[in-house]
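Presented below is the structure to which this report refers.
Just so you know, these numbers use all the heavy atoms, side chains as well, and skip hydrogens, waters and symmetry mates. Chain A is the first sequence line, chain B the second, and so forth, proteins listed ahead of strands; every chain is numbered from 1.
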Amino acid sequence: MKQNSMLAMILAGGRGSRLHDLTNKMAKPAVAYGGKYRIIDFPLSNCANSGIDVVGVLTQYESILLNSYVAAGRRWGLDAKDSGVFVLPPREKADANLNVYRGTADAISQNVDFVDSYSPEYVLILSGDHIYKMNYAKMLAEHKACNADATIAVIEVPMREASRFGIMNADEAGRILDFEEKPEHPKSNLASMGIYIFNWKLLRKMLVADMKNPDSSHDFGKDIIPELLNDGKNLHAYKFKGYWKDVGTIDSLWEANMDLLAADNELNLNDSTWKIYTEDVTTLPHYVGPDADIKRAFITQGCTINGEVKNSVLFTGTKVAAGAKVVDSVLMPGAVVEEGAVIHRALIAGGIRIGKQAVVGSADSEHIELVAKRVKGVE
Amino acid sequence: MKQNSMLAMILAGGRGSRLHDLTNKMAKPAVAYGGKYRIIDFPLSNCANSGIDVVGVLTQYESILLNSYVAAGRRWGLDAKDSGVFVLPPREKADANLNVYRGTADAISQNVDFVDSYSPEYVLILSGDHIYKMNYAKMLAEHKACNADATIAVIEVPMREASRFGIMNADEAGRILDFEEKPEHPKSNLASMGIYIFNWKLLRKMLVADMKNPDSSHDFGKDIIPELLNDGKNLHAYKFKGYWKDVGTIDSLWEANMDLLAADNELNLNDSTWKIYTEDVTTLPHYVGPDADIKRAFITQGCTINGEVKNSVLFTGTKVAAGAKVVDSVLMPGAVVEEGAVIHRALIAGGIRIGKQAVVGSADSEHIELVAKRVKGVE
Amino acid sequence: MYKAFGIINPAGRHIWVEGLQSYRPIGAISFMGRYRVIDFPISNMSNSGIDRIQIYIRRKPRSLTDHLGTGRQYNINSKRGRLEVLFTENGAEHDIYNTDIASYSENMECIERMHHPYVVIAPSYMVYSADYSELLQDHIDSGADITLLYHPVDNAKEAFLNCNTLDLNRQKGVLAVERNRGTAKSRNIFMDTYIMKKELFVELIHKAKSMSSMYTLADIVNYECNELDIRGAAHHGYFGSITDFNSYYDANISLIDLKNSTSLFNDDWPIYTKTNDSCPTQYFDTSSVKTSVVSNGCLIEGTVENSILGRGCHIKKGAVVKNSIILAEAVIGEDVHVENQVVDKRAKLLRVKEIVASKEKPGYIKRDDIL
Amino acid sequence: MYKAFGIINPAGRHIWVEGLQSYRPIGAISFMGRYRVIDFPISNMSNSGIDRIQIYIRRKPRSLTDHLGTGRQYNINSKRGRLEVLFTENGAEHDIYNTDIASYSENMECIERMHHPYVVIAPSYMVYSADYSELLQDHIDSGADITLLYHPVDNAKEAFLNCNTLDLNRQKGVLAVERNRGTAKSRNIFMDTYIMKKELFVELIHKAKSMSSMYTLADIVNYECNELDIRGAAHHGYFGSITDFNSYYDANISLIDLKNSTSLFNDDWPIYTKTNDSCPTQYFDTSSVKTSVVSNGCLIEGTVENSILGRGCHIKKGAVVKNSIILAEAVIGEDVHVENQVVDKRAKLLRVKEIVASKEKPGYIKRDDIL
């Protein structure tokens with residue numbers, strides 16, 4: 001806490017049900033991405049790289065995998081003396097029964113005691129399921145420079161898509177004038193990224209009041225931010241430029257993976273000054289066999305490739321046998337493609353086996369096919 | 001998991017309500033003990049010293065402090081590559097709502113998926129609120145040597161106290177013949193320590209069956225062990241010799257602290273071959289002032305003592321001002337005794353201030369006085 | 001298994017990997033793209049339950065101490081266990097007094113402090129998998145004074161020429177430990193791995209020292225063959241001995257073959273190393289890679305065959321890499337043809353377009369060099 | 001504050017703590033019972049947000065590398081940050097060529113690799129608290145080329161004799177950096193702490209080297225006083241300079257005084273160190289302790305006055321310890337009287353019953369000695 005007196009809280013409770021079978025056994029922030037990462041590696045690595053030492057992760061749905069994943073703070077270097085990643089599920093208290101988090105604000109409210117124990121000056125609220133690289137220290141510097149009560153990170157989106165987002169209308173200095181959740185007729189194209197810096201004293205007061213309000217849905221976007229604006233508080237919009245993606249659907253998850261294949265992809269995971277840290281897997285480097293043919297691919301350690309791989313992302317420990325063909329597809333950790341199988345425009349879930357000569361997906365489908373069950377091949 | 005293929009699960013969900021105000025804001029396993037420790041440091045350090053790498057901690061009641069405390073596995077060296085301390089609170093699943101743990105066995109049942117993810121051969125079940133040093137590797141070796149289905153650690157208790165415990169009746173080879181929970185007329189003095197080693201495959205089967213049994217209270221002692229005996233399984237009693245204490249009341253917590261003052265106390269925290277690891281506190285060594293008079297005491301870093309301390313245990317950061325007198329007492333972390341105050345046979349809770357000239361407790365009281373609120377002194 | 005502590009012994013003066021070793025001790029040399037040679041003995045020890053390990057080192061300690069850290073990546077409990085790097089301060093590099101015995105002797109205090117009854121000594125320059133807990137149990141059960149690990153080979157005429165061999169009787173009793181002179185095809189190559197009581201180890205150090213300042217541990221063990229019950233234990237599976245530049249090259253290249261790598265690496269016996277947090281490797285439109293081992297973080301636009309790429313290499317358009325070992329962050333420039341080479345870390349092969357050696361005498365490109 | 005990286009510079013050849021330094025570099029010497037001297041500069045850097053720190057070291061590295069580990073105890077992010085121990089291999093111990101410039105120069109590659117625009121250099125042998133992020137901001141705002149930290153004292157005639165002083169003009173411009181010759185009471189003691197651009201630092205190293213093989217960083221900075229804008233920044237609070245045995249003894253003893261220790265240690269500026277997991281200290285019926293600082297793990301049956309006890313000391317019945325610094329795990333036997341002594345680690349004072357020196361010339365008992 002010495003460095004910048006800001007503590008981060010990551011909201012990671014959501015199931016992400018539009019990801020279907022991928023989130024049966026894990027929460028959305030734990031979903032695999034980019035060959036070797038999980039989505040939550042992004043906010044956590046951003047925290048580590050921004051000099052934030054203490055991170056609370058608010059979990060709820062099928063949190064077992066997520067809890068044990070983030071608990072090992074060493075993955076992001078957040079395991080030093082006064083650092084830590086702390087899993088914060090709902091809990092039983094002397095004066096309260098075990099209850100689910102009712103909204104994003106409620107999740108923080110139920111953990112006011114946790115935040116208080118670090119007495120931070122600022123609290124950074126993050127979402128656990130966005131893919132982006134961002135220096136929160138810069139955002140904090142702007143927050144301080146503007147003497148803001150709260151700062152909200154915003155990104156310019158195409159005007160025609162603006163109505164899908166929470167839209168901030170700000171003046172030239174960046175002061176937020178009003179906020180509309182998914183407006184039919186958006187006045188600006190500055191979408192909220194769901195990233196907030198609050199002065200903790202103020203937020204604490206707001207949360208206590210919000211808990212008592214029976215009409216509140218206990219949500220930052222719907223309740224806390226409008227209330228702050230009502231109170232005439234100084235809300236600042238921090239403009240972010242760069243890659244940012246909320247992967248809510250199978251199509252968008254596939255797309256986000258495909259984005260990595262561009263020679264100059266904006267996310268640039270190869271930047272050694274802003275690394276994304278993740279689980280350290282004990283495997284060999286990947287092996288490429290004598291019959292392999294690989295073009296435009298993103299391939300990580302532990303893979304064994306002896307077939308054709310085109311325009312695809314291969315996650316840890318996947319296998320592509322000789323004569324098999326993987327095109328425009330994503331193979332999640334441990335997926336196996338047997339001899340002669342052909343895959344087009346598909347996302348193969350972790351550990352799934354595609355049998356010999358099987359054909360999955362098609363080159364001209366509109367949507368990406370999610371394969372979450374074994375596909376039998378020719379025996 | 002390489003070393004001995006045994007995973008440990010620590011049951012740490014209980015409030016310990018007979019500890020009154022000490023457990024308002026924390027679960028019993030988080031209660032401070034012995035100057036610088038928390039009770040749960042004992043099972044966790046025992047695990048580390050026994051070569052166990054992966055420990056699940058089942059929490060429930062006011063778990064915030066406990067969760068963040070144990071999450072920093074570095075404290076017990078359990079932060080290496082394939083190691084970890086994992087906090088396991090109740091959780092929401094795709095097919096189940098958020099529900100409290102209904103019993104000790106239910107807590108494990110709800111986390112079968114966690115255990116499975118490590119595919120251990122053996123599972124060690126521990127209680128989070130006992131004070132003792134034990135090499136579980138030796139217990140496992142005996143478990144293997146006896147070809148047991150389950151092994152239960154037992155300790156000889158005075159026969160007159162036996163009816164307070166779960167009593168095992170075993171043959172000479174250590175095979176358990178029957179088990180009685182708090183028997184009126186105990187047949188032996190071998191009390192169960194609540195420490196079990198199970199072959200995971202067998203336990204898993206038992207738990208699945210137990211979950212479906214509407215008559216079960218989902219408890220190891222009441223349901224699982226009797227069921228195993230019914231099934232004619234080979235249950236082995238592992239005899240433990242040494243210090244062991246379940247600190248359920250203020251009196252017994254005080255007593256356990258006083259035990260440390262004996263020159264040859266059985267627990268011997270000074271043994272460098274079996275250290276108890278705990279939080280690494282950033283304070284100076286303790287300072288003893290020119291007017292101090294200390295005899296028979298156990299004092300840790302961060303304390304400032306300028307008064308009289310006799311037969312007492314002083315926890316991290318406590319202060320005893322000049323002219324103050326602390327006798328037969330326990331000062332928990334951060335407690336402050338001001339000038340001229342006199343304390344006898346009391347347990348002063350963490351952070352509590354005893355004002356100038358105040359008198360607390362008495363030398364001949366039957367019970368120990370718990371002081372959990374500030375005592376005003378002469379202003 | 002808390003019965004034994006481990007020692008990773010330093011390479012003796014007859015062992016020298018030309019080029020690479022100028023920059024770091026053998027243990028710190030890159031192996032199979034993402035490993036260092038020392039990852040193998042330490043992982044073997046950690047997997048065998050040995051969590052107190054002493055690593056002896058003589059010079060250029062930075063790359064090794066950086067790599068080792070506190071040993072957490074080897075799954076060694078950071079409280080209970082310990083990786084201890086012990087330095088030898090006396091004696092120069094090629095000094096004839098530069099023996100393992102001299103290193104032990106200088107750090108005798110640290111050896112005597114260990115409370116374990118047994119010691120397992122393994123070299124920092126050999127690559128193999130072995131379960132020391134089984135070997136120790138066998139050693140104890142056998143009643144032998146010393147157990148030596150060996151690997152039977154049938155190519156000792158042309159390979160393992162810097163190694164010692166064990167001369168065994170029918171009961172696997174060791175008759176002599178002697179240098180491989182390349183006079184016979186079939187030999188039991190000594191794997192420089194010892195198991196014995198700690199007390200005996202200390203005794204041997206003292207004895208060796210008093211007998212000759214040039215004696216090594218192998219010398220004194222050989223000397224004691226008649227006096228002590230010394231036995232050989234055969235090792236099976238992959239065995240690579242890195243004692244010079246050619247054996248380094250050969251060991252790497254041989255492990256591209258899946259058959260060999262499967263016999264060295266297996267899921268139940270993890271070989272740990274320090275992660276570098278590199279992202280996956282990116283293949284471009286123009287890439288062509290066959291029969292190779294590729295680490296993370298590479299950018300591949302050219303052709304790679306029968307080679308090993310370290311982390312973060314860049315193989316540019318038109319470049320051809322064959323039968324080569326490319327260490328981390330090297331750059332092979334456009335249209336550069338590299339064959340039978342070891343390219344050290346961060347070297348940039350840009351202007352000279354043909355860098356080709358023979359398979360028998362592979363070439364070496366220095367660290368940070370620009371060609 | 002990612003603008004600067006940190007350097008902990010090694011003690012020069014004029015600095016020598018007789019006795020203690022034979023076993024470890026000054027930075028690794030025990031201080032105030034549970035600390036090592038180097039904990040202070042590293043904690044200052046960590047608290048200031050500096051997370052890339054180079055520590056230069058010349059000899060006996062084991063105790064220091066053991067103590068530092070990966071820097072987690074200093075709250076340095078183990079991925080983003082790094083404590084790098086850099087060794088100097090050339091040059092012997094008392095060698096006249098043994099300068100800080102020689103160390104930097106030998107590791108120039110590692111300095112050049114740092115991408116931070118500024119460097120903060122602090123010594124491994126001085127004890128103080130300072131916020132380098134504030135100092136750096138002041139440095140940048142001032143437009144100076146170099147900022148030097150100094151501590152004004154009025155006892156420079158008898159103390160700080162091995163230190164440099166700053167000769168300042170009224171605008172705090174540095175006119176000269178020169179050795180304290182003990183000729184005046186009031187002096188600005190130079191705290192061997194520098195802030196400057198990394199580029200300038202590299203330039204100064206090259207320049208110093210080309211001018212004289214014996215030049216130190218302080219020498220070249222002194223030489224540049226007319227050319228560059230070099231300014232002094234005054235330090236307030238506790239300042240201890242450990243340049244010889246007496247100053248080591250004095251610095252420790254002075255910190256028993258709560259007034260001094262409160263000015264060095266404060267809750268908002270933690271001084272981190274490596275924990276040893278010792279249990280609390282046990283006082284027995286016969287103990288009598290006054291005005292002392294006591295670490296954990298001790299057993300106290302005797303009398304202790306105006307002293308500092310390291311971890312795990314045993315003061316037996318009838319023993320009297322006065323005005324002394326007892327390092328970890330030392331044993332003061334029954335009825336042994338110790339006064340004005342520094343007792344090194346694990347020494348056992350058993351048979352000689354009077355070990356008394358004068359306060360002006362405190363005594364020293366060697367590590368592991370049995371008296």
Side-chain angles (χ1 to χ4, degrees), chain A residues 33-37 41 45 48-49 72 74-77 79 257 260-265 267-272 274-306 309-317, chain C residues 31-35 39 43 47 69-70 72-75 78 255-258 261-262 264-267 269-301 304-314 329:
Chain A
Y33 166 75
K36 62 180 289 195
Y37 307 95
D41 288 329
S45 300
N49 289 334
R74 63 170 175 269
R75 293 186 172 127
W76 309 277
D79 58 343
N257 276 291
L260 296 168
L261 297 174
D264 292 314
N265 75 81
L267 190 58
N268 188 13
L269 293 173
N270 218 342
D271 174 6
S272 66
W274 202 272
K275 283 187 179 178
I276 302 302
Y277 313 112
T278 186
E279 189 176 4
D280 168 20
V281 187
T282 305
T283 67
L284 280 163
H286 67 263
Y287 169 78
V288 182
D291 302 323
D293 179 12
I294 308 174
K295 308 258 187 265
R296 279 179 65 84
F298 208 61
I299 301 181
T300 194
Q301 64 187 87
C303 297
T304 308
I305 305 125
N306 207 8
V309 175
K310 298 273 161 71
N311 212 47
S312 294
V313 178
L314 271 56
F315 289 51
T316 313
Chain C
F31 192 76
M32 277 293 277
R34 70 184 298 252
Y35 302 94
D39 291 334
S43 297
N47 290 335
T70 52
R72 285 196 301 156
Q73 72 262 34
Y74 301 109
N75 201 30
S78 55
L255 281 164
I256 298 176
D257 188 333
L258 273 186
S261 69
T262 318
L264 177 59
F265 296 94
N266 88 66
D267 290 348
W269 200 260
I271 303 300
Y272 297 111
T273 191
K274 187 179 168 190
T275 178
N276 186 42
D277 300 297
S278 309
C279 73
T281 276
Q282 190 160 9
Y283 289 80
F284 292 89
D285 278 330
T286 49
S287 75
S288 167
V289 179
K290 308 229 184 272
T291 328
S292 291
V293 169
V294 181
S295 302
N296 273 2
C298 296
L299 300 171
I300 306 181
E301 303 174 270
V304 179
E305 273 175 44
N306 200 42
S307 295
I308 295 178
L309 303 188
R311 289 189 265 224
C313 294
H314 192 162
E329 293 167 58

What option among [options] has the most heavy-atom pairs under 4.5 Å with chain C?
options	result
A:R75, A:Q301, A:R74	A:Q301
A:G289, A:S272, A:G35, A:A292	A:G289
A:T282, A:N311, A:I294	A:I294
A:L284, A:D271, A:T316, A:T278	A:L284

Chain A contact via C:F284 - which portion, at a heavy-atom distance below 4.5 Å: both
Proximal component of C:I308, with respect to chain A [non-hydrogen, under 4.5 Å]: neither
Nearest 0.5 Å please: distance from the [atom1] atom of [X] over to the [atom2] atom of [Y].
X	Y	atom1	atom2	value
C:C298	A:N270	SG	CG	9.0 Å
A:I305	C:Y283	CD1	OH	5.5 Å
A:T304	C:L258	OG1	CG	6.5 Å
A:D291	C:K290	CG	NZ	7.5 Å

Do the side chains of [Y] and [X] get nearer than 4.5 Å, heavy atoms only?
X	Y	result
C:T291	A:P290	yes
A:K275	C:N276	yes
C:S292	A:Y287	no
C:T281	A:H286	yes

On a heavy-atom basis, which atom in [X] and which in [Y] lie closest, and how many Å separate them?
X	Y	value
A:P285	C:M32	CG-O, 3.4 Å
C:V289	A:V288	O-CG1, 3.3 Å
C:N296	A:T300	ND2-OG1, 3.0 Å
C:R34	A:V281	NH1-O, 3.5 Å
C:P280	A:G34	CG-O, 3.4 Å
C:D285	A:K295	O-CD, 2.7 Å

Side chain, backbone, both or neither of A:F315 within contact of chain C (heavy atoms, under 4.5 Å): neither
Toward chain C, the part of A:L260 with a non-hydrogen atom under 4.5 Å: backbone
Expected output: side-chain A:K36 to main-chain C:S278 donor-acceptor under 3.5 Å: yes
Carboxylate-amine/guanidinium contact A:D79 C:R72, below 4.0 Å: yes
